[in-house]
Amino acid sequence: MGSVLSLEEKFQGGTGINITPPPAPYVKASSVKSAKRRIEIAANALGISGYARIDAFMNVKNGEICVIEANTLPALTPSTVLFQQALNEKNKFYPRQFIEKLIEFGYNG
């Protein structure tokens, strides 16, 4: 415990567990909503907009977060779970739609 992840552990699929969004039996919807709001505040404080990802640990009881790192140009590897997150939104983005939206954001700033 407490060691830094190797490249394989961080980016190679199947070596770690990412649960996104957190399962309802374990995390209240209000905690998820609070965590999203706090991540948005962190992004605004850092001046991040557009395509980015903020990695954080979340307290499942109250939605408090501990920011680990901000990724202003996150990779699209299986371990990033970006596609899973896009599919879980109220208005789903399928992988191709998601990539097209990223390109559109790039052109329109």
Side-chain angles (χ1 to χ4, degrees):
M1 296 295 293
S3 64
V4 176
L5 295 176
S6 69
L7 287 175
E8 289 81 15
E9 290 169 324
K10 186 167 182 176
F11 295 110
Q12 187 172 335
T15 59
I17 298 173
N18 262 321
I19 302 174
T20 182
Y26 304 106
V27 183
K28 295 182 290 185
S30 61
S31 292
V32 172
K33 184 177 180 179
S34 176
K36 285 182 176 183
R37 187 173 51 252
R38 292 166 193 237
I39 291 289
E40 184 178 356
I41 290 168
N44 289 336
L46 292 169
I48 296 173
S49 65
Y51 174 58
R53 185 186 78 238
I54 295 180
D55 296 345
F57 291 114
M58 180 183 84
N59 181 313
V60 297
K61 293 181 181 176
N62 60 21
E64 289 182 10
I65 59 166
C66 175
V67 173
I68 302 166
E69 65 178 332
N71 298 277
T72 57
L73 188 57
L76 294 175
T77 65
S79 62
T80 63
V81 297
L82 228 47
F83 294 121
Q84 293 91 326
Q85 290 171 328
L87 284 168
N88 195 58
E89 290 299 312
K90 186 176 180 181
N91 297 316
K92 292 182 181 185
F93 279 99
Y94 291 93
R96 180 179 174 149
Q97 292 171 304
F98 184 77
I99 297 294
E100 288 171 348
K101 187 58 83 172
L102 290 178
I103 293 167
E104 180 183 321
F105 283 146
Y107 281 121
N108 297 325

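Here, residue 1 is the first one in the sequence, and each next residue gets the next number. Reckoned from all heavy atoms, side chains included, excluding hydrogens, waters and symmetry mates.
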query = Does the Thr72 side chain pair with the main chain of Ala52, one donor and one acceptor, at a distance under 3.5 Å?
reply = no

request  = Indicate yes or no: at least one non-hydrogen side-chain atom of Phe83 is less than 4.5 angstrom from one of Ile99.
outcome  = yes

task = Go through the steps for Ile68 and Phe57 under the test side chain to side chain contact (heavy atoms under 4.5 Å, CB included), then give the verdict.
result = CA-CA 7 Å; Ile68 302 166; Phe57 291 114; 3.3 Å; yes

key: Glu89 (side chain) donor-acceptor with Ala86 (main chain) under 3.5 angstrom   = no

request  = Applying salt bridge (Lys or Arg N to Asp or Glu O under 4.0 Å), name anything that partners Glu100, two or more places apart in sequence or on another chain.
outcome  = Arg96

query = If you take all heavy atoms of Glu64 and Asn62, which pair is closest and at what distance?
reply = N-OD1, 2.9 Å

task = Quick one: closest heavy-atom pair of Ser31 and Lys61, and the distance?
result = OG-O, 3.1 Å

request  = Identify which one of Val67, Ile54, Ile65 satisfies the side chain to side chain contact (heavy atoms under 4.5 Å, CB included) criterion when paired with Arg38.
outcome  = Ile65

request  = Please list, chain by chain and in numerical order, all residues satisfying salt bridge (Lys or Arg N to Asp or Glu O under 4.0 Å) with Lys101, sequence neighbours excluded.
outcome  = Glu104

ask   = Taking atom CD1 of Ile48 and atom CZ of Arg53, what is their separation to the nearest 0.5 Å?
value = 11.0 Å

ask   = If we only count heavy atoms from C-beta on, is the Tyr94 to Leu87 side-chain gap below 4.5 Å?
value = yes

